[in-house]
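This report concerns only the one structure given below.
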Amino acid sequence: MAFRFNFSFGEDAAEADDEPELQLGTPQRERAAEAAAQCRDATPSEQPLRLKAAKEHHVPKDANQILENKTMEMVAGLYSVKISTVEKQLLDGLHGEDLVSKSVLAHSDLVPGVYEGGLKVWECTFDLLGYCSETEMQFADKTVLDLGCGAGLLGIVALRGKAKEVHFQDYNSTVIEEVTLPNTVANCRVDGDEGKISKPPSKRLKKAKCSLDLLAKCRFFSGEWSKVSQLLLSGSKPFSKYDLILTSETIYNPDYYGALHDALSQLLAEHGRVYLASKAHYFGVGGGVPLFEKFIEERNVFRTNTVKIIDKGLKRFIIEMAFKYSS
Ligand SMILES: C[S@@+](CC[C@H](N)C(=O)[O-])C[C@H]1O[C@@H](n2cnc3c(N)ncnc32)[C@H](O)[C@@H]1O
């Protein structure tokens, strides 16, 4: 079911449920073709988006404003913006990264260095959410990073589990602005009278207000991993390394393994843990679990432990990582 904040429930949902495939109009097609040609023609050192700069995204004073015109649905028991609606809105060409046109033109959810797939919720997010719930993973008083967050559902679960601080990172600023931030605000709503986090789905949602205390625990970043690490480690705000890093479907491209490994080793606390969810193989991109584990072994910084295998359809894994020297 989908619904729209500040609009009546139901009608919009019914309308939006059976979405036709996205079609590009002529201006969108021309813009996307031009951008694709720029990327293709640039030499590797010139490729403008390869090392996308890091940016921190701040929550506006009136956080509820983020939810205006957003159509929401329930995903894994959490509020999540309806992606087909966001995609349609993003086709207006007014959003700097123009991700949707580029993705449609490339016939792919991944356009390396341009769009890294964060608009949709990928399968392994559900695996990792399931693992967190089965193992009753403890978030209380922990500092948590949802790395390559997309919709940010993993970070939101940590936030609702009373984490001390939760940071969200995605490659694309559009994903943070249009998906991660609205999802976080929607799931930070507290029932007016009792001050409790409203348990979705809640008929009282319209009465609910965003908890500024919960939101104050969150920070949002976009950019390439090495740039985001740099921003965190040398930024003006105090930064304490993460007790937990949750990351789903982030090892599909072997070209990024160096940056990912370095970000994990720079940002994880001495006795922290990484929980990484991934498919065994990513056909057409080349990455996957065996290749990533080999990379980790060669770097000799982390030890890995497969904590869950999901053997339905394409085999999927949840891997725990810790520093080799840690307890
Ligand atoms: C396939 S999406 C998965 C999104 C989300 N974790 C999920 O499971 O639904 C991969 C995510 O990894 C992030 N990512 C991939 N390569 C990256 C890079 N080189 N630098 C920064 N972020 C990157 C992107 O932000 C993207 O959202």
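Whatever order the structure lists ligands and atoms in, that order sets their numbers, starting from 1.
Using a 4.0 Å cut-off between heavy atoms, Cys149 contacts ligand 1 through its backbone alone, with no side-chain atom that close. Contacts between Gln169 and ligand 1 below 4.0 angstrom, taking non-hydrogen atoms only, involve the side chain exclusively.
Under the 3.5 Å distance criterion, with hydrogens and angles disregarded, a donor-acceptor pair is assigned to the side chains of Tyr256 and Glu116. Inspection of the Ser173 and His57 side chains reveals no N or O donor paired with an N or O acceptor under 3.5 Å.
Distances below 4.0 Å separate heavy atoms of Gly118 from the following atoms of ligand 1: 27 (O). In summary, the atoms of ligand 1 found under 4.0 Å from a heavy atom of Thr125, numbered by their order in the structure, are 7 (C), 8 (O), 9 (O). Close approach of ligand 1 to Gly223 is summarised as follows: ligand atoms under 4.0 Å from at least one heavy atom of the residue are 21 (C). Distances below 4.0 Å separate heavy atoms of Ser248 from the following atoms of ligand 1: 3 (C), 5 (C), 6 (N), 7 (C), 8 (O). For ligand 1, the atoms sitting less than 4.0 Å from at least one non-hydrogen atom of Val121 are 9 (O), numbered in the order shown with element in parentheses. Residue contact check: Glu224 has heavy atoms under 4.0 Å from atoms 20 (N), 21 (C) of ligand 1. Under a 4.0 Å criterion applied to the non-hydrogen atoms of Asp170, ligand 1 contributes the atoms 24 (C), 25 (O), 26 (C), 27 (O).
Taking only nitrogen or oxygen atoms, main chain and side chain alike, Tyr256 does not reach within less than 3.5 Å of ligand 1. Looking at Tyr171 next to ligand 1, an N or O pair under 3.5 Å apart turns up.
Under a 4.0 Å N-O distance rule, the pair Arg303/Glu320 does not qualify as a salt bridge. In this structure, Glu165 does not pair ionically with Lys142, as no charged nitrogen and carboxylate oxygen lie closer than 4.0 Å. For the pair Asp109 and Lys120, the salt-bridge criterion is met [side-chain N within less than 4.0 Å of a carboxylate O].
Around CD of Glu136, the count of heavy atoms belonging to other residues, nucleotides or ligands within 6.0 Å does not exceed 12.
Between Phe221 and His167, the ring centre distance stays below 6.0 Å.
Counting heavy atoms only, Trp225 comes closest to atom 19 (N) of ligand 1 of the residues Tyr115, Trp122, Tyr252, Trp225. Remark: among candidates Ser222, Ala151, Gly148, the nearest residue to atom 6 (N) of ligand 1 is Gly148, based on non-hydrogen atoms.
Look at Lys120 and you'll find a heavy atom under 4.0 Å from some atom of ligand 1. Within the 4.0 Å heavy-atom cutoff, Ser226 does not count among the residues contacting ligand 1.
When all heavy atoms are compared, the tightest approach of Thr250 to Leu147 is CG2-O, 3.8 Å.
Residues forming a side-chain hydrogen bond (donor to acceptor under 3.5 Å, both in side chains) with Asn183 (at least two apart in sequence, or on another chain): Ser80.
Taking the six-membered ring where the residue is Trp, Tyr131 and Tyr275 present tilted rings, their angle falling between 30° and 60°.
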